[in-house]
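Structure first, then comments.
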Amino acid sequence: QVQVVESGGGLVQPGGSLRLSCAASGFTLGNYAIGWFRQAPGKEREGVLCIGSSRAGTTYYADSVKGRFTISRDNAKNTVYLQMNSLKPEDTAVYYCATGRYDCVDSQRRYPYWGQGTQVTVSS
């Protein structure tokens, strides 16, 4: 069974950091792209950034996170991490990871497998 599960969300003060995890089962994560998406209260879900297969780099969909958010892989744990630094209140959202493609795309419906999401709240 192909599954991805997010974890690591929580409450953090502005300027703080969080590391989200996307753990995969049922497939080898390193062979596929992992996209991160977020949905803030009252807004539509948007793409944040994406890491492709092993030879691919990072694609940024949201300019506001460039320089603050980075992706890394731990193939031994079949897990992708989203490191979020210098967090702002506008980063508050439910964060999702999605997969099922070899390369990153800008269309959410082209990712067939999605996690349940993890809540990130940035507030003082």
Side-chain angles (χ1 to χ4, degrees):
Q1 182 72 21
V2 174
Q3 288 186 323
V4 287
V5 179
E6 307 93 338
S7 63
L11 175 64
V12 64
Q13 293 184 345
S17 299
L18 284 173
R19 189 179 72 164
L20 306 184
S21 299
C22 179
S25 61
F27 67 100
T28 300
L29 189 61
N31 294 332
Y32 293 89
I34 297 292
W36 284 95
F37 302 83
R38 66 184 181 185
Q39 187 167 23
K43 296 184 178 180
E44 295 184 352
R45 189 165 58 192
E46 66 172 346
V48 182
L49 72 176
C50 177
I51 187 169
S53 56
S54 295
R55 287 186 171 269
T58 301
T59 299
Y60 290 90
Y61 297 122
D63 290 340
S64 62
V65 309
K66 189 176 296 185
R68 300 189 296 123
F69 291 11
T70 57
I71 295 179
S72 63
R73 292 180 181 268
D74 186 340
N75 289 337
K77 295 185 178 295
N78 217 30
T79 299
V80 163
Y81 302 100
L82 175 61
Q83 180 67 45
M84 306 187 297
N85 298 324
S86 302
L87 283 163
K88 305 174 181 180
E90 50 263 46
D91 295 318
T92 296
V94 177
Y95 284 73
Y96 301 86
C97 65
T99 191
R101 295 186 57 85
Y102 296 115
D103 300 303
C104 296
V105 297
D106 60 0
S107 177
Q108 296 179 30
R109 61 186 178 88
R110 297 177 69 180
Y111 290 91
Y113 303 110
W114 290 76
Q116 296 297 310
T118 185
Q119 176 72 50
V120 172
T121 302
V122 184
S123 176
S124 60

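In this chain, residues are counted from 1 in sequence order. These values consider heavy atoms only, across backbone and side chains, with no hydrogens, waters or symmetry-generated copies.
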At what distance, to the nearest 0.5 angstrom, does [atom1] of [X] lie from [atom2] of [Y]?
X: Y81; Y: W36; atom1: OH; atom2: CH2; value: 10.5 Å
X: K77; Y: S21; atom1: NZ; atom2: OG; value: 10.0 Å
X: I51; Y: T99; atom1: CD1; atom2: OG1; value: 11.0 Å

Does any pair with a residue in residues 106-115 pass salt bridge (Lys or Arg N to Asp or Glu O under 4.0 Å), and if so which ones, sequence neighbours excluded? none
Sequence neighbours excluded - salt bridge (Lys or Arg N to Asp or Glu O under 4.0 Å) pairs with any residue from residues 13-30: none
In the hydrophobic clustering (ILVMFWY, side-chain contacts below 4.5 Å, transitive), which residues join W114, or is it alone? F37, Y61, V94, Y96, V105, Y111
Would you list the atom pairs, donor with acceptor, under 3.5 Å between side chains in residues 4-16 and any protein atom, with sequence neighbours excluded?
unit_1, atom_1, unit_2, atom_2, d
E6, OE1, Q116, N, 2.9
E6, OE1, G117, N, 2.8
E6, OE2, C97, N, 2.8
E6, OE2, G117, N, 3.4

Looking at [X] and [Y], what are the two nearest heavy atoms and their distance?
X: A33; Y: C104; result: CB-N, 3.8 Å
X: F27; Y: Y32; result: CD1-CD1, 3.6 Å
X: S53; Y: D103; result: OG-OD1, 4.3 Å

Go through the structure and list residues passing salt bridge (charged side-chain N to carboxylate O under 4.0 Å, His left out) with R38, not counting sequence neighbours. E46, D91
Between T58 and T70, is there a side-chain heavy-atom distance shorter than 4.5 Å? no
Would you say E90 has more than 12 foreign heavy atoms packed within less than 6.0 Å of its CD? yes
Under 6.0 Å from the OH atom of Y113, do we count more than 12 heavy atoms belonging to anything else shown? no
How would you list, by chain and number, every residue that makes a side chain to side chain donor-acceptor pair (under 3.5 Å) with Q3, sequence neighbours excluded? none
Side chain to side chain donor-acceptor pair (under 3.5 Å) against T121, all qualifying residues, sequence neighbours excluded: Q119
Decide whether L20 and I34 are clustered together by the hydrophobic rule: side chain heavy atoms of Ile, Leu, Val, Met, Phe, Trp, Tyr closer than 4.5 Å, transitively. yes
Please lay out, stage by stage, how L82 and L49 fare under the test side-chain contact (heavy atoms from CB on, under 4.5 Å). CA-CA 9 Å; L82 175 61; L49 72 176; 3.6 Å; yes
Once side chain to side chain contact (heavy atoms under 4.5 Å, CB included) is applied, do any residues pair with S17, and if so which ones, sequence neighbours excluded? Q83, N85
Any donor-acceptor N/O pair, Q108 side chain to R45 backbone, under 3.5 Å: yes
Under 3.5 Å: donor-acceptor pair, side chain of N78, backbone of A24: yes
